[in-house]
Protein chains: 2
Amino acid sequence: MTTIHDVARHAGVSVATVSRVLNNSGTVRTDTRARVLAVIDQLDYHPSAMGQSLRLNRTRIVMVVVPEVTNPFVGEVVYSMELAARSRGYSILLHEYHGDQLTDLQLQQYVSTRRIDGLIFLTAEAREKQFQQLAQQLPTILACEYVDHWDIPSVSIDNIAATLDVMRYLMGLGHTRILLISGSAGNVSARDRLRGYRIAHEQAGLPVCEELLQEAEPTPAAAYATLTGAVERGLDFTAVFCASDVLAIGALRALQDKGLAVPRDVSVVGFDDIMFAPFLNPALTTVHQPAREIGERAIAMWLCAAEGKAQDYPVTVRHELRIRDSCAVARR
Amino acid sequence: MTTIHDVARHAGVSVATVSRVLNNSGTVRTDTRARVLAVIDQLDYHPSAMGQSLRLNRTRIVMVVVPEVTNPFVGEVVYSMELAARSRGYSILLHEYHGDQLTDLQLQQYVSTRRIDGLIFLTAEAREKQFQQLAQQLPTILACEYVDHWDIPSVSIDNIAATLDVMRYLMGLGHTRILLISGSAGNVSARDRLRGYRIAHEQAGLPVCEELLQEAEPTPAAAYATLTGAVERGLDFTAVFCASDVLAIGALRALQDKGLAVPRDVSVVGFDDIMFAPFLNPALTTVHQPAREIGERAIAMWLCAAEGKAQDYPVTVRHELRIRDSCAVARR
DNA sequence: CTGTTAGCGCTTTCAG
DNA sequence: CTGAAAGCGCTAACAG
């Protein structure tokens, strides 16, 4: 392993000088610099990240805390974060989070041992307290969600407005009994989508029927089970609004298996617009979230926060209801 | 920031002693240990990861190189790797790889600057040379793929056997003109699936019709375009075998949009068995890969390699053809 | 059983 | 413009 000392010795200069040419800091005579550069090249020298980290007290690693990489929407956001971070010399440490205490502890460990320079949360989850505590210790950004009473930089769509778009669209088609399948309640997005659901009913002067509010684990299988159960119980509804496309895929199938045609008998709307949405059968009407943009903005905002610069937040990016083939006029 | 020196001072011992109790190394008198532990607790001391890294020359970070986190199958593998790694005190640094020179360079940088302890490749891609070079420098595992002429620990299903299963199933249903949509050619899995395709034809005494061999980017949209084009050109086939479920989703839709019913007119088979496969319409017949198991085994194997222990490889895990509703007897 | 000490590889102040 | 030296936080060899 060749170190800065080897380079210094071979070039006949001190390590300080090598460091200067490495970092373009201080002043180095042109010919000295050339000599050092030549040796660096010849020895194929690369400065040790650990040495630098210890000295500078930063790792150039930011941890991305996600609820489920397996969800293509999350994957897309993480993907763009990785590219954006890398292009700025940072790396992404991936961390799955499912709201358990052990993970809380592990997260705090990462922070305490200074293994990471900062955090980006893709989920604010139920454990807001824990997250707030972490956010106090390191630069932190919230992506995909927004929490009113928490003063932290965030980038997301307006989840409530998006839900209202969906609800108004559905109500415009004559639907009044809309089944909501949301993710677990701790999730802010789920909360916002529920909130939007209620507001829409209020605005339309319609009562919210609590039995139409269903929760499911974030898998198609769970949504399938939930919806199958609802149909079997004879629950009365003409449309289903799923808090994510992942859920919608299970919902679509459950309805079809129960002999209900989509959209003829029941309309279905998803959320996220994952890459599969337009190719489902029927093509899924859903809320498009600019995943790539969210990822890139989150990284940019994190960098900004890490440099201690002031910035405006929350940042709200544009969503869009993509109308495809899974909704029709209510027949009842 | 509290350091080991603070702890030592407060406990009235030397840093060596603190280090000993921290690492359970050497011998420490019970009461001394208790005193040190108390101070650690009181000061809420956590050893600096950077200090340890520099000293021990390891980061406890392993880089996972993936072709596309956005693919749910890949997501699932990465997910299980993250959990498995974490439970052993390691973290996952995510790195998207698309076969470009810049990324090759960045990967080498990570290795040269000793930012990571090792590598796990989810793709062997075209750039085998580059990967082999990296593998020489750090403990490396290949997951999901197997390369005959490359002596490296790997864990994967038997891609050729799996393809043969698919082909025999399809041929058993009377299909002789089977369209193959594979990912980009550099990909080993794609190569194996193509190889299996050819072997099956040979065994059946059927000629391989080159025009039935199609390539597509790994997105449903690309598969959709490819297949739509094939149908429009009047290409004659009764079944489509997709090298991944992601492709199959696009294929399914393309056929339906062209007025071809699946499976009545055309049969479709996917690969991977992502969580959406059973919920598609029709439910997709596909090859199940044990994603979780692959991820866990890969981490275990990496650890083994990192400790310099000998191990048997390649490890072949079980695949399974999951027959669902997207295939039927050929009508021509 | 415990302390002293020498680094791991790097950056940066301070002198010159 | 350059070098000497201190020190980031830690572990481990060595001495006692």
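Order of the sequence lines sets the chain letters (A, B, ...), proteins ahead of strands, with each chain counted from 1.
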Check your understanding: With a 6.0 Å cut-off on ring centres, are A/F131 and A/W150 close enough?
Key -> no

What's the closest nucleotide to the [X] side chain, out of [options]?
X     : options               : value
B/A16 : D/dC10, D/dG3, C/dG3  : C/dG3
A/V13 : C/dC10, C/dT2, D/dG3  : D/dG3
A/R20 : C/dC1, C/dT13, C/dC10 : C/dT13

Using whole Å, what does the distance between atom [atom2] of nucleotide [N] and atom [atom1] of [X] come to?
X      : N      : atom1 : atom2 : value
B/M50  : C/dG7  : CE    : P     : 24 Å
A/N23  : C/dT12 : CG    : C1'   : 10 Å
A/L56  : D/dG7  : CG    : C1'   : 13 Å
A/R29  : D/dG3  : CZ    : C1'   : 14 Å
B/R115 : C/dG9  : CZ    : C1'   : 14 Å
A/L54  : C/dG9  : CG    : C1'   : 9 Å
B/D6   : D/dC8  : CG    : P     : 11 Å
A/Q52  : C/dT12 : CD    : P     : 10 Å

Quiz item: Between B/S53 and B/N57, does any side-chain donor sit less than 3.5 Å from a side-chain acceptor?
Solution: no

### Query
Between A/D192 and A/Y146, is any side-chain donor less than 3.5 angstrom from a side-chain acceptor?
no

I want to check one thing: is the phosphate of [N], taken as OP1 and OP2, less than 4.0 Å away from some side-chain N or O of [X]?
X     : N      : result
B/S48 : D/dC10 : no
A/T3  : C/dG9  : no
B/S14 : C/dG3  : yes

Note: for B/T30 and A/M1 on DNA chain C, the residue whose nearest nucleotide lies more 5' is B/T30

### Message
Check the orientation of B/Y79 and A/H98. Use parallel for under 30°, tilted for 30 to 60°, and perpendicular for over 60°.
### Response
perpendicular

Worksheet item: Is A/R292 salt-bridged to A/E296, cutoff N-O under 4.0 Å?
Response: no

Have a look at [X] and say if it touches a base, only the backbone sugar-phosphate, or nothing, with a 4.0 Å heavy-atom cut-off.
X     : answer
B/S53 : nothing
B/T17 : sugar-phosphate
B/T32 : sugar-phosphate

Look at the side chain of B/R114 and the base of C/dG9, then say whether one donor and one acceptor between them are separated by less than 3.5 Å.
no

